[in-house]
Amino acid sequence: MRFTSLVIELIRARPRLIVWIAVLLQAAMWLFVALVFYRSPPGTLATLLAFGREYQVGTDLGPPLPVWLADIAYRAAGGHMFGVYVLAELCEIATFITLYYLSRAVVGSQQAVLAVLLTMTVLAFSSSALDFGPLVLARPLWALLLLHSWQIIGQRRGNAWFAWSIEAGLLLLTTPAAIFLLLLLVVFAVSTAGGRRPLRALDPLFALIVVAVLALPYAVWLMRAETLVMPALPQVAELKARALQAAWLLGGLVLGAAAIPALTFLNTGLFAGKGEEPPIIYRPPVESLARNFVYFFALAPALGAVLISGLLGLDSVVGGAGVVLVMSGLAVVVAAGDLIAMRRARMLRMVWAAAVVAPAVGVVLAVLLLPWTGTGEIATSMPARAISDFFDESFARRTNHRLRAVAGETSLASLITLHSGRPHLFIDADPARTPWINQAKFSETGGVVVWRASDTAGTPPPDILKRFPGLVPEVPRAFEWLVTGRQQLLRVGWAIVRPKGT
């Protein structure tokens, strides 16, 4: 009897089940890594939460929606980072499930599974899974926009305009790259006959009104903050350096998607066994409009983002790699043809699993092994809870007041603001970034100033002494890393600014 693997049969019979299993397993993997190996938030997540505590309409971190949602998730979890990690994984799940429904509308349910599985390998390497922020929240919103844009353009579903308008407004409240992404949708709609047809109705006008209402508060803040400044174009002498920067960014995107050509090459006839009859994944023919839609949004966001980032001299791709590469898997599936033969299915499963699991394994190995090399610190190994508890309790014992503000080194101060009391973050080096508190208010309410101690006396850095004259340092406090290894203990210098009247 001819044997076909269970996974192939499930792709044919229960494609949606396969997608849910793969996506949920990946989310569970990253949550396990975070709960076991993260003692402090990754990246700038602690600073994001410190800003979210203030519920400002706008900050220098960008539009307010990711900041607000992060704080809501943190509070809902009882002041535990688990809530924010779950929120990040919910965004990941929503991205892949939305991509599945979009792919199913284009290539059918069976090949839609392949599109999602390929995209999972791309996002695993090219974007963070737990560092919630604008780049993470923009992924599901962009995927939803693409889904409803195809329903409007390709399926003539006018009832999708309302959802489209809500998603467009929320994307504008999520990332500054939203204008670039929405402009791409307009370009495709105007340049194709199928895209121009829905624009002749009144629905687009109502959608624009909804988008304007959602984005109006942030737009008003931008105008009042005088941040709507056109970036300066590079000089002729800078063009070579900017071109090299764009080439590096493009190379980073290609490297992030390297698992797709690897899997495609392994599925060629070169690796087929003699006399093997590989199972076939079938799809109905793809119409030309759908093919153009997929290719355009697989290439235009990536190339456009690289070009813009290169011209502006940015260190990362505008919008994030997870956004601009979200259609890459579907584009490969569309180009593969109506019949996709799954040769050496077991080997393909192993390579795909390795590509998805490798980033998490890399994080775990870095946490466990790098401290023994003494080459650098692992930011997620800082004992955030112990640090925040110590300084909150020390301030309360010394002053008989609740800790209300923290200043000094931003990364350390942000960890202390995660305490249940949620003190304010004061970026004394750049007070304009934290308009909810200033030097005079900080001196009135009192607070803690922290920095990395470079000696046993805990001498403050000169710039901190200049901003806080008369600061009396305390004995530095040493904290253990998750894995200490050969590196020194984390020594934090600190001083108390007593509230006025005490």
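FYI, side chains are in, hydrogens and waters are out, and symmetry mates aren't considered; it's all heavy atoms of this structure. Since the structure is predicted, the reported quantities are computational estimates derived from the model, not experimental observations.
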Q) Run the ring-ring contact (aromatic ring centres under 6.0 Å, His included) check on Phe395 and Phe390 step by step: do they pass? A) CA-CA 9 Å; Phe395 185 85; Phe390 172 78; over 10 Å; no
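A donor-acceptor pair under 3.5 Å is absent between the side-chain atoms of Thr44 and the main chain of Thr47, judged by distance alone. A donor-acceptor pair is defined here as one N or O able to donate and one able to accept, closer than 3.5 Å; such a pair exists between the side chain of Ser388 and the backbone of Ala384. Of the possible donor and acceptor atoms, one in the side chain of His401 sits under 3.5 Å from a partner among the backbone N and O of Thr399. A donor-acceptor pair is defined here as one N or O able to donate and one able to accept, closer than 3.5 Å; no such pair exists between the side chain of Ser309 and the backbone of Val306.
Note that the CG atom of Leu145 and the CG atom of Leu170 stand 9.0 Å from one another [nearest 0.5 Å]. Rounding to the nearest 0.5 Å gives a distance of 10.5 Å between CD of Gln26 and CG of Leu31.
For Asp389, there are no salt bridge (charged side-chain N to carboxylate O under 4.0 Å, His left out) partners at least two apart in sequence or on another chain. With sequence neighbours excluded, the residues that form a side-chain contact (heavy atoms from CB on, under 4.5 Å) with Arg467 are Asp428, Ala429, Asp463, Ile464. The ring-ring contact (aromatic ring centres under 6.0 Å, His included) check on Trp30 picks up nothing, with sequence neighbours excluded. Partners of Glu474 by salt bridge (charged side-chain N to carboxylate O under 4.0 Å, His left out), not counting sequence neighbours, listed by chain and number: Arg398. Applying the side-chain hydrogen bond (donor to acceptor under 3.5 Å, both in side chains) test to Arg452 and every residue at least two apart in sequence or in another chain returns Glu377. Partners of Tyr101 under the ring-ring contact (aromatic ring centres under 6.0 Å, His included) rule, at least two apart in sequence or in another chain, do not exist in this structure. With sequence neighbours excluded, the residues forming a side-chain contact (heavy atoms from CB on, under 4.5 Å) with Ile427 are Phe51, Thr410, Leu425, Asp430, Arg433, Thr434, listed by chain and number. Remark: Tyr38 engages no residue in a ring-ring contact (aromatic ring centres under 6.0 Å, His included) (not counting sequence neighbours). Under the side-chain contact (heavy atoms from CB on, under 4.5 Å) criterion, Leu465 pairs with Pro460, Leu471, not counting sequence neighbours. Partners of Thr174 under the side-chain contact (heavy atoms from CB on, under 4.5 Å) rule, at least two apart in sequence or in another chain, are Leu65, Pro66, Leu137, Ala138, Leu141. With sequence neighbours excluded, the residues that form a ring-ring contact (aromatic ring centres under 6.0 Å, His included) with Phe391 are Trp494.
Among residue pairs with one or both ends in residues 71-92, those qualifying as side chain to side chain donor-acceptor pair (under 3.5 Å) are Tyr55-Asp71, Asp71-Arg75, Asp71-Arg422, Glu92-Arg139; sequence neighbours excluded.
At a threshold of 4.5 Å between non-hydrogen side-chain atoms, the residues Val497 and Val448 do not count as touching. Between Ile378 and Trp481, the closest side-chain pair of non-hydrogen atoms is not below 4.5 Å. Side chains of Pro176 and Pro63 form a contact here, defined as non-hydrogen atoms less than 4.5 Å apart.
Closest approach of Ser381 to Ser40, counting heavy atoms only: N-OG, 4.0 Å. What you find for Ala298 and Ala331 is that their closest heavy atoms are CB-CB, 3.6 Å. Across all their heavy atoms, Ala178 and Leu171 have their closest contact at CB-O, 3.3 Å.
Around CH2 of Trp436, the count of heavy atoms belonging to other residues, nucleotides or ligands within 6.0 Å exceeds 12.
A side-chain donor from one of Trp164 and Ser149 sits under 3.5 Å from a side-chain acceptor of the other.
A cation-pi arrangement is absent between Arg16 and Tyr100 under the rule of less than 6.0 angstrom and at most 45 degrees off the ring axis.
Of the residues Leu146, Thr119, Val19, Leu147, the one that meets the side-chain contact (heavy atoms from CB on, under 4.5 Å) test with Leu99 is Thr119.
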